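Down below is the structure, laid out as structure tokens.
Here the structure is a predicted model, which is why all the values come from computation and not from measurement.
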Amino acid sequence: MDVDKEYFSNISTRERAIFEGAISMGALFHQFVGTPINKDTKESLERAMEESLKLQPAIEDVKVKIRFDKLEESMTEFDYTSLTGDMLDVKIFTKVDNVTAVIRIEFIEELNYPLMYVENIEED
């Protein structure tokens, strides 16, 4: 069975590149928010998030940064906290055929919100 012809024939390559990145970003957010974290586990959690998302279809690369300033603000007396959306700065790079999309989540101060959005789309 040709999955692309069977299930994605009703959308463009551009839409598919955005879809793949967006669905992966939503999975990342809902899977990892709430994870216990501290200064010592920050880097290993960033790498785990990147490596797990790279397994998804069409994902070319993932860059995860957990904002140290937001992590420090949230630390408890027990020397850990839970990961929150405002700590995340993530870029997911997807490629479908000749289209590359960059999907991003970052905390937007003026919105006081961790916003997911399409940062860039390019066609080769």
Side-chain angles (χ1 to χ4, degrees):
M1 172 182 17
D2 186 346
V3 173
D4 286 342
K5 287 183 182 175
E6 183 77 20
Y7 295 101
F8 296 105
S9 62
N10 61 335
I11 62 175
S12 70
T13 302
R14 178 184 168 97
E15 291 167 332
R16 172 87 187 277
I18 293 167
F19 169 81
E20 294 294 349
I23 198 76
S24 293
M25 186 66 79
L28 173 138
F29 188 88
H30 291 290
Q31 179 178 355
F32 289 102
V33 166
T35 300
I37 185 175
N38 68 17
K39 296 174 209 170
D40 297 329
T41 63
K42 175 187 169 296
E43 288 184 21
S44 64
L45 183 57
E46 288 170 338
R47 298 300 76 78
M49 293 166 81
E50 289 173 355
E51 294 302 316
S52 67
L53 284 185
K54 287 179 185 176
L55 299 172
Q56 296 294 316
I59 304 300
E60 291 271 298
D61 200 9
V62 179
K63 301 289 184 201
V64 175
K65 180 181 175 206
I66 296 171
R67 290 183 50 182
F68 193 77
D69 61 327
K70 294 291 185 180
L71 175 62
E72 276 198 319
E73 286 174 12
S74 300
M75 291 300 290
T76 68
E77 63 187 86
F78 302 108
D79 197 32
Y80 87 98
T81 189
S82 295
L83 184 69
T84 58
D86 64 338
M87 295 177 192
L88 294 173
D89 187 349
V90 179
K91 290 184 181 186
I92 298 176
F93 301 81
T94 61
K95 185 162 178 107
V96 177
D97 297 333
N98 66 330
V99 178
T100 302
V102 180
I103 309 302
R104 186 167 186 186
I105 184 172
E106 67 176 319
F107 186 75
I108 307 295
E109 296 289 341
E110 55 269 14
L111 298 176
N112 194 32
Y113 189 76
L115 187 66
M116 292 181 199
Y117 62 95
V118 178
E119 184 175 77
N120 192 36
I121 300 172
E122 293 181 7
E123 291 189 36
D124 297 340

Tracing side-chain contacts under 4.5 Å among Ile, Leu, Val, Met, Phe, Trp and Tyr outward from Leu115 reaches Ile108, Leu111, Tyr113, Tyr117
Return the minimal non-hydrogen interatomic distance between Val99 and Ala17, and the atom names on each side.
CG1-CB, 3.9 Å
Between the CZ atom in Phe68 and the CD atom in Glu73, the distance rounded to the nearest 0.5 Å is 11.5 Å
Is it possible for you to say whether Val33 and Ile103 belong to one hydrophobic cluster, with membership spreading through side-chain heavy-atom contacts below 4.5 Å?
yes
Are Phe19 and Val118 co-members of a hydrophobic cluster defined by side-chain heavy atoms under 4.5 Å apart?
no
Distance from Thr35 atom OG1 to Ile66 atom CD1, nearest 0.5 Å?
8.5 Å
Decide whether Phe29 and Leu45 are clustered together by the hydrophobic rule: side chain heavy atoms of Ile, Leu, Val, Met, Phe, Trp, Tyr closer than 4.5 Å, transitively.
yes
Not counting sequence neighbours, list each pair that qualifies as a side chain to side chain donor-acceptor pair (under 3.5 Å) and has a residue in residues 57-68.
Asp61-Lys63, Arg67-Asp69
Cluster link Phe93 to Leu28, ILVMFWY, side chain under 4.5 Å:
no
State, yes or no, whether a side-chain contact exists between Asp124 and Lys95 at a heavy-atom distance under 4.5 Å.
yes
I need the minimum non-hydrogen distance between Phe107 and Pro114, along with the two atoms involved.
CD1-N, 3.7 Å
Supply the atom-to-atom distance Ser74 OG to Ile37 CD1, rounded to the nearest 0.5 angstrom.
10.0 Å
Flag, side chain of Ser24 to backbone of Gly21, donor-acceptor distance under 3.5 Å:
no
Looking at every non-hydrogen atom in both residues, tell me the closest pair between Val62 and Val90 and how far apart they are.
CG1-CG1, 4.4 Å
Would you indicate whether Glu43, at its atom CD, is surrounded by more than 12 heavy atoms from other residues, nucleotides or ligands within a distance under 6.0 Å?
no
Would you name the heavy atoms of Glu122 and Asn120 that are closest together and state the gap between them?
OE2-ND2, 3.0 Å
Ile105 CD1 to Met87 CE distance, which is reported to the nearest 0.5 Å
12.5 Å
Answer yes or no: does atom CD1 of Ile59 have more than 12 heavy-atom neighbours from other residues, nucleotides or ligands under 6.0 Å?
yes
Output for pair (Thr81 OG1, Lys39 NZ), nearest 0.5 Å, gives 11.5 Å
Would a single hydrophobic cluster contain both Ile92 and Leu83, if residues Ile, Leu, Val, Met, Phe, Trp and Tyr are joined by side-chain heavy-atom contacts under 4.5 Å?
yes
Only counting residues at least two apart or in another chain, list the ones meeting side chain to side chain donor-acceptor pair (under 3.5 Å) with Thr84.
Asp86
Under 3.5 Å: donor-acceptor pair, side chain of Glu15, backbone of Ser12:
yes
Quick one about Asn112 and Glu110 (side-chain donor to acceptor, distance below 3.5 Å, no hydrogens or angles considered), yes or no?
no
Steps toward side chain to side chain contact (heavy atoms under 4.5 Å, CB included) verdict (Thr94, Thr100)
CA-CA 5 Å; Thr94 61; Thr100 302; over 6 Å; no
Any donor and acceptor pair, going by atom type alone, linking the side chain of Ser9 with main-chain N or O of Glu6 inside 3.5 Å?
no
For Glu51, enumerate each residue passing the salt bridge (charged side-chain N to carboxylate O under 4.0 Å, His left out) test, keeping only those at least two apart in sequence or located in another chain.
Lys54
Working to the nearest 0.5 Å, report the span between CE of Met25 and CD of Glu20.
13.5 Å
Taking C-beta and beyond as the side chain, do Arg104 and Met116 meet within less than 4.5 Å on heavy atoms?
no
Partner set under side chain to side chain contact (heavy atoms under 4.5 Å, CB included) for Ser82, not counting sequence neighbours
none
Starting from Phe78 and following side-chain heavy-atom contacts under 4.5 Å between hydrophobic residues (I, L, V, M, F, W, Y), which residues can be reached?
Tyr80
